[in-house]
Amino acid sequence: MRLVTWNINSLRLRMDLLRRLVQAEQPDVVCLQEIKVQDSEFPMEDVQALGFPHVLRHGMKGYNGVAILSKLPFNARDPQDWCKKADSRHGVVVLGGDVELHNFYIPAGGDIPDPEKNVKFAHKLQFLDEMKDWFAGQNKTRNAIMVGDLNVAPLEHDVWSHKQLLKIVSHTPIEVEKLTAMQLAGQWQDPIRHFTPEPTKLYSWWSYRSPDWQKNDRGRRLDHVWTTPPMTSRVKSAKILREMRSWTQPSDHVAVVVDID
DNA sequence: ATGGTGGTCCTACCA
């Protein structure tokens, strides 16, 4: 099974890029974040014409929103209502009867890394705490996959400069600590880093604001694929599609692709 | 210390 995760930053604007990605990679399952479309406006016919008869979407007007597109049938589960906001940041399905697949869009958290001064940062920290509590209560021997834009680059070599980003939201110690606590609570493993260990730099996002992104390469790895132990050994390959950042009118994120037996 | 770009939807807000 080939699984792709991509923060598409508007599904309707980038339908052609999704088509290009699907033609190039032939995925069986595509998890999207920031689709920015409410369910009543979701381009269902276009998506199904790409070869995905099974579609889960949780959208809202203008912001956020996640979708799971699949060639395989699945059973949709009710997503959690994180932080008591119905803001379309989580979708979950069960594939093949026993593989739980979570698709997350964790809050970005604003610019100021202080929960007292910035409610968006407080929201992000609370979201991570609630995820930790939720996954701590889950069966660790289950087959599960978590993908998405987690909006945290946890490792030193997940950012272009560890030292220069310590006070930048997405790489501050408090976020890394909470993300890692959630990862441990759910026994989530990071197969992307099994295939490409540190100190090799790995990024999945480059800001729109750095014009010379290829030359300066000031990226961050915000997009992740995590697996529970029984799934990790089944992950056969992993790659990050850096070249997508050079496509015409790109998302600021590129896709992450894994092949799972 | 600052401003840089791009998304939605129509006025700012979010990334």
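Values in this document were obtained by computation on a predicted structure and should not be read as measured data. All chains are named by letter (A, B, ...) in the order of the sequence lines, taking the proteins before the strands, and each is independently numbered beginning at 1.
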Integer-rounded Å distance: B/dT5 C1' and A/Arg209 CZ: 7 Å

A/Glu34 or A/Met60, whichever maps to the more 5' nucleotide of DNA chain B: A/Met60

Pair A/Met182-A/Phe127, side-chain contact (heavy atoms from CB on, under 4.5 Å): steps then yes or no: CA-CA 10 Å; A/Met182 183 270 283; A/Phe127 199 104; over 6 Å; no

Whole-Å C1' distance, B/dT11 and B/dG7: 14 Å

Side-chain N or O of A/Arg12 closer than 4.0 Å to phosphate OP1/OP2 of B/dC9: yes

Ring-face cation of A/Arg221 near A/Trp205 (centre distance under 6.0 Å, axis angle within 45°): no

Sugar-phosphate only, base, or nothing, as touched by A/Arg218 at under 4.0 Å among non-hydrogen atoms: nothing

A/Tyr63 OH - B/dG6 P separation (whole Å): 19 Å

Side chains of A/Gln187 and A/Phe135 in contact at under 4.5 Å (non-hydrogen atoms): no

Ring center gap for A/His90 and A/His102 short of 6.0 angstrom: yes

Pi-cation contact, A/Trp247 with A/Arg20 (under 6.0 Å, within 45°): yes

Spacing of A/Arg245 atom CZ relative to B/dA15 atom P, expressed in whole Å: 18 Å

Atom-pair distance (CG on A/Leu150; C1' on B/dA15), nearest Å: 16 Å

Distance test, side-chain N/O of A/Gln249 to OP1/OP2 of B/dG7, below 4.0 Å: yes

5' precedence on DNA chain B between A/Lys61 and A/Arg89 (nearest-nucleotide basis): A/Lys61

Euclidean distance, atom CG of residue A/Asp149 to atom C1' of B/dC14 [Å, nearest integer]: 13 Å

A/His253 ring center near A/Trp6 ring center (under 6.0 Å): no

Stems formed with participation of DNA chain B [Watson-Crick or G-U wobble, under 3.5 Å, three or more pairs]: B:5-8 with B:12-15

Whole-Å gap separating P (B/dT8) and CD (A/Gln38): 13 Å

Sole candidate of A/Arg220, A/Gln164, A/Glu156, A/His162 that passes side chain to side chain donor-acceptor pair (under 3.5 Å) when paired with A/His171: A/His162

Atom-pair distance (CG on A/Asn9; P on B/dC14), nearest Å: 15 Å

Positions of residues 104-115 of chain A (non-hydrogen atom under 4.0 Å from DNA chain B), listed by number: A/Tyr105, A/Ala108

Between B/dG3 and B/dA15 - C1' atom distance, rounded Å: 16 Å

Spacing of the P atoms in B/dA1 and B/dT5 (rounded, Å): 22 Å

Same-atom distance (C1') from B/dC10 to B/dC14, integer angstrom: 15 Å

Between B/dG6 (C1') and A/Trp206 (CH2): distance, integer Å: 17 Å

A/Asp212/A/Lys215 ion pair, N-O < 4.0 Å: yes

Intermediate values then yes/no, side-chain contact (heavy atoms from CB on, under 4.5 Å), A/Asn7 and A/Leu222: CA-CA 10 Å; A/Asn7 179 324; A/Leu222 305 179; over 6 Å; no

Side chain proximity check, A/Gln26 to A/Arg2, heavy atoms < 4.5 angstrom: no

Pairwise P distance for B/dT2 and B/dG6, with rounding to whole Å: 23 Å

Phosphate-side-chain proximity, A/Ser10 and B/dT8, N/O vs OP1/OP2 below 4.0 Å: yes

